[in-house]
Amino acid sequence: MRVAAIGDLHVQEDSVAPYRELFAEIGNHADVLLLCGDLTNFGKEKEAEILADDIKSSTIPVLGVLGNHDYECGCPDKVCAILHEAGMIVLDEQAHEIDGVGFAGVKGFLGGFGRGELAPFGEPIVKAFVDEAMKEARKLENQLRTLRTDRSVAVLHYSPITATLEGEPQEIFQYLGAQRLAEPIDRFDHVKAVVHGHAHHGTYEGRTPLGKPVYNVAQFVVRPLFGRPYAILEI
Ligand SMILES: [Fe+2]
Ligand SMILES: [Fe+2]
């Protein structure tokens, strides 16, 4: 299966069919299109409606996750509903299977890596913060556990590793992802690739601690490499 992936679309409310042509082109090169969050710039309904119109014109299945920008206006459920209505499968609680390939996805959360990982200690607000990252990792794990396919792709907005963040200031790595997200990925043999966005100035390719390939498909990372804003993976 050829899987196209793009993150950080950041659709704005004054855009006119911003992805229509691109989605049509992708339909000629891939079997499935994955959108890795920050689909809208501020999580406005109007922005979601503009993207929804372009999604309707896609000739291949569109799956994906929301990003932090899609939460900015406080109505991520509405954004989800608009995109779902247009035919996009918004991954969050439930995995999805297409032609023998599984797709599991969550937005993910921040929280840091290695020595910089925030621990659930002390003030309730610190515990709540860490709990959010754990909850996202758990949702991903639950989805991966339900899959009976021998190949799957994990779809995230935040990064599960630091290698794909290289290029961003090291001081902000802890805000760009969480190591906790890599744990469920490494637990299941069927995960063959991970895609994420969010780190606009990061690096395209990295690996989890157990060697699974991770791709930062933020369009700003992919475009300079391939001359087009989306990645194509063979799964
Ligand atoms: Fe973004
Ligand atoms: Fe983001």
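Along the sequence shown, the residues carry numbers beginning at 1. As the structure is a prediction and not an experimental result, all values here were calculated from the model. Just so you know, ligand 1 is whichever comes first in the structure, and atom 1 is the first atom listed for that ligand.
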Requested in this report: Kindly report the NE2-the Fe ion (ligand 1)-OD1 angle for His10 and Asp8 respectively, rounded to 10°.
Outcome: 110°
Query - CD/Glu25: more than 12 non-hydrogen atoms of other groups inside 6.0 Å - result: yes
Requested in this report: Please name the residue in the list Leu35, Leu34, Leu39, Val222 that meets the side chain to side chain contact (heavy atoms under 4.5 Å, CB included) test with Ile6.
Outcome: Leu35
Query raised in the report: Can you say whether the rings of Phe23 and Tyr19 are parallel (under 30°), tilted (30 to 60°) or perpendicular (over 60°)?
Result: parallel
**Report entry** Salt-bridge present (Glu132, Lys135; N to O < 4.0 Å)
**Finding:** yes
Requested in this report: Please state whether the separation between the Fe ion (ligand 2) and some N/O/S atom of His69 is under 2.8 Å?
Outcome: no
**Report entry** Atom of Asp38 closest to the Fe ion (ligand 1), considering N, O or S atoms
**Finding:** OD2
Report task. Calculate the angle formed at the Fe ion (ligand 2) by ND1 in His198 and OD1 in Asn68; 10° precision is enough. Result -> 100°
